[in-house]
Amino acid sequence: SEVFAAKVILVSEVMSKQKDLVSSETIGTVQQISADRGKAVEKGDTIIVIDSRRFMAAFEATQAAEENARLDFDMAKRLYENGQGVSENDFRKAANGLKMAESSTANSLIDLENCFITAPFSGVIAERYVEKGELVSPGTPVIQLIDIENMKIRCGVPENQISQIKKSAVVDLDIIE
């Protein structure tokens with residue numbers, strides 16, 4: 001039995017099965033860009049750094065406020081349990097103050113972490129939309145990331161050539177930009 005090869009030239013579109021437009025979740029000035037168009041990145045790699053000084057100061061302030069609230073709570077708890085002049089109402093206020101301080105610290109940590117934009121999956125930077133020194137705000141696209149390990153090709157086959165295409169056939173591709 002003889003094997004024949006047919007050559008069919010088709011215009012196709014190569015697409016990533018997974019792509020993501022990565023956006024800023026905070027406001028600030030782009031301080032550092034660690035990846036440019038065409039660079040491969042791993043999941044979790046820091047790609048863009050936004051000036052974090054304001055958010056770091058806020059985080060440190062909330063940590064101090066949380067420590068103060070914890071000291072107040074511990075003192076109120078000890079006095080309340082020993083019946084030494086702290087009412088149940090004052091004890092609950094101290095407990096709520098601690099919860100509020102812990103929540104503030106958690107929120108300020110999220111704000112600080114949002115200054116470091118990371119790759120949500122491993123892939124290649126397809127586009128970069130910001131420059132160093134540029135002001136970004138929540139929702140500003142900073143990069144487009146594509147997964148080049150899972151690509152698909154979409155092409156149209158003319159009706160008169162469909163008979164030459166077999167499912168699961170091995171093909172040679174030439175990709176021309």
Side-chain angles (χ1 to χ4, degrees), residues 13-152:
E13 181 181 10
V14 179
M15 300 177 301
S16 175
K17 290 183 179 180
Q18 182 177 17
K19 64 181 176 180
D20 194 8
L21 190 61
V22 180
S23 299
S24 173
E25 292 186 37
T26 192
I27 188 167
T29 304
V30 175
Q31 193 173 42
Q32 180 182 336
I33 299 172
S34 303
D36 210 349
R37 187 173 191 256
K39 182 176 179 195
V41 294
E42 297 296 320
K43 180 179 181 176
D45 284 355
T46 299
I47 300 167
I48 304 282
V49 177
I50 297 170
D51 186 359
S52 61
R53 292 174 294 178
R54 232 177 356 105
F55 298 104
M56 178 59 84
F59 177 66
E60 289 172 352
T62 59
Q63 282 184 310
E66 181 180 341
E67 180 60 26
N68 287 342
R70 188 173 317 288
L71 291 171
D72 290 346
F73 172 75
D74 290 345
M75 176 67 79
K77 182 179 178 185
R78 188 170 53 254
L79 294 174
Y80 176 72
E81 288 174 347
N82 292 330
Q84 296 179 328
V86 173
S87 68
E88 182 179 348
N89 190 42
D90 288 341
F91 173 68
R92 286 185 176 176
K93 283 182 181 179
N96 288 338
L98 179 58
K99 286 180 187 176
M100 288 172 29
E102 289 171 341
S103 294
S104 291
T105 300
N107 282 331
S108 65
L109 179 59
I110 290 168
D111 289 341
L112 181 60
E113 289 173 344
N114 284 340
C115 292
F116 302 89
I117 301 173
T118 59
F121 55 88
S122 297
V124 172
I125 307 291
E127 293 292 335
R128 179 170 53 92
Y129 302 111
V130 295
E131 298 294 331
K132 186 175 179 180
E134 187 173 333
L135 180 66
V136 295
S137 58
T140 301
V142 293
I143 58 135
Q144 182 174 41
L145 183 65
I146 59 171
D147 176 5
I148 62 168
E149 296 297 318
N150 296 297
M151 304 293 284
K152 62 182 177 180

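Computed from a prediction, not measured in an experiment: that's the story for all the values here.
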Any side-chain heavy-atom pair of [X] and [Y] under 4.5 Å:
{"X": "Glu102", "Y": "Arg70", "value": "yes"}
{"X": "Phe55", "Y": "Glu113", "value": "no"}
{"X": "Gln63", "Y": "Glu67", "value": "no"}
{"X": "Val22", "Y": "Pro120", "value": "yes"}
{"X": "Tyr129", "Y": "Leu21", "value": "yes"}
{"X": "Val142", "Y": "Ile47", "value": "no"}
{"X": "Asp111", "Y": "Thr26", "value": "no"}
{"X": "Arg54", "Y": "Ile27", "value": "yes"}

Which heavy atom of [X] sits nearest to which heavy atom of [Y], and what is that distance?
{"X": "Ala126", "Y": "Ile146", "value": "CB-CG2, 4.1 Å"}
{"X": "Arg128", "Y": "Ile33", "value": "NH1-CD1, 3.1 Å"}
{"X": "Leu145", "Y": "Phe121", "value": "CD2-O, 3.2 Å"}
{"X": "Val86", "Y": "Leu79", "value": "CG2-CB, 3.4 Å"}
{"X": "Ala94", "Y": "Ala76", "value": "CB-CB, 3.7 Å"}
{"X": "Gln144", "Y": "Lys19", "value": "NE2-CD, 3.8 Å"}

Rounded to the nearest 0.5 Å, what's the gap from [atom1] on [X] to [atom2] on [Y]? Could you check?
{"X": "Cys115", "Y": "Gln32", "atom1": "SG", "atom2": "CD", "result": "12.5 Å"}
{"X": "Met56", "Y": "Asp51", "atom1": "CE", "atom2": "CG", "result": "11.5 Å"}
{"X": "Asp45", "Y": "Lys43", "atom1": "CG", "atom2": "NZ", "result": "12.0 Å"}
{"X": "Phe116", "Y": "Ile48", "atom1": "CZ", "atom2": "CD1", "result": "12.5 Å"}
{"X": "Glu66", "Y": "Leu71", "atom1": "CD", "atom2": "CG", "result": "11.0 Å"}
{"X": "Asn107", "Y": "Phe59", "atom1": "CG", "atom2": "CZ", "result": "11.5 Å"}

Next item on the list: Verify, without hydrogens or angle tests, whether Lys39 (side chain) and Ser34 (backbone) share a donor-acceptor contact under 3.5 angstrom.
Entry: yes

Checklist line | N/O donor-acceptor pair under 3.5 Å between Arg37 side chain and Glu127 backbone | finding: no

Item checked: Crowding at CD, Glu25 (>12 non-hydrogen neighbours, <6.0 Å) ->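 12 or below, so no.
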
Next item on the list: Could you give me the CA-CA distance, side-chain angles and deciding distance for Ser122 and Glu42, then say whether side-chain hydrogen bond (donor to acceptor under 3.5 Å, both in side chains) is met?
Entry: CA-CA 4 Å; Ser122 297; Glu42 297 296 320; 3.1 Å; yes

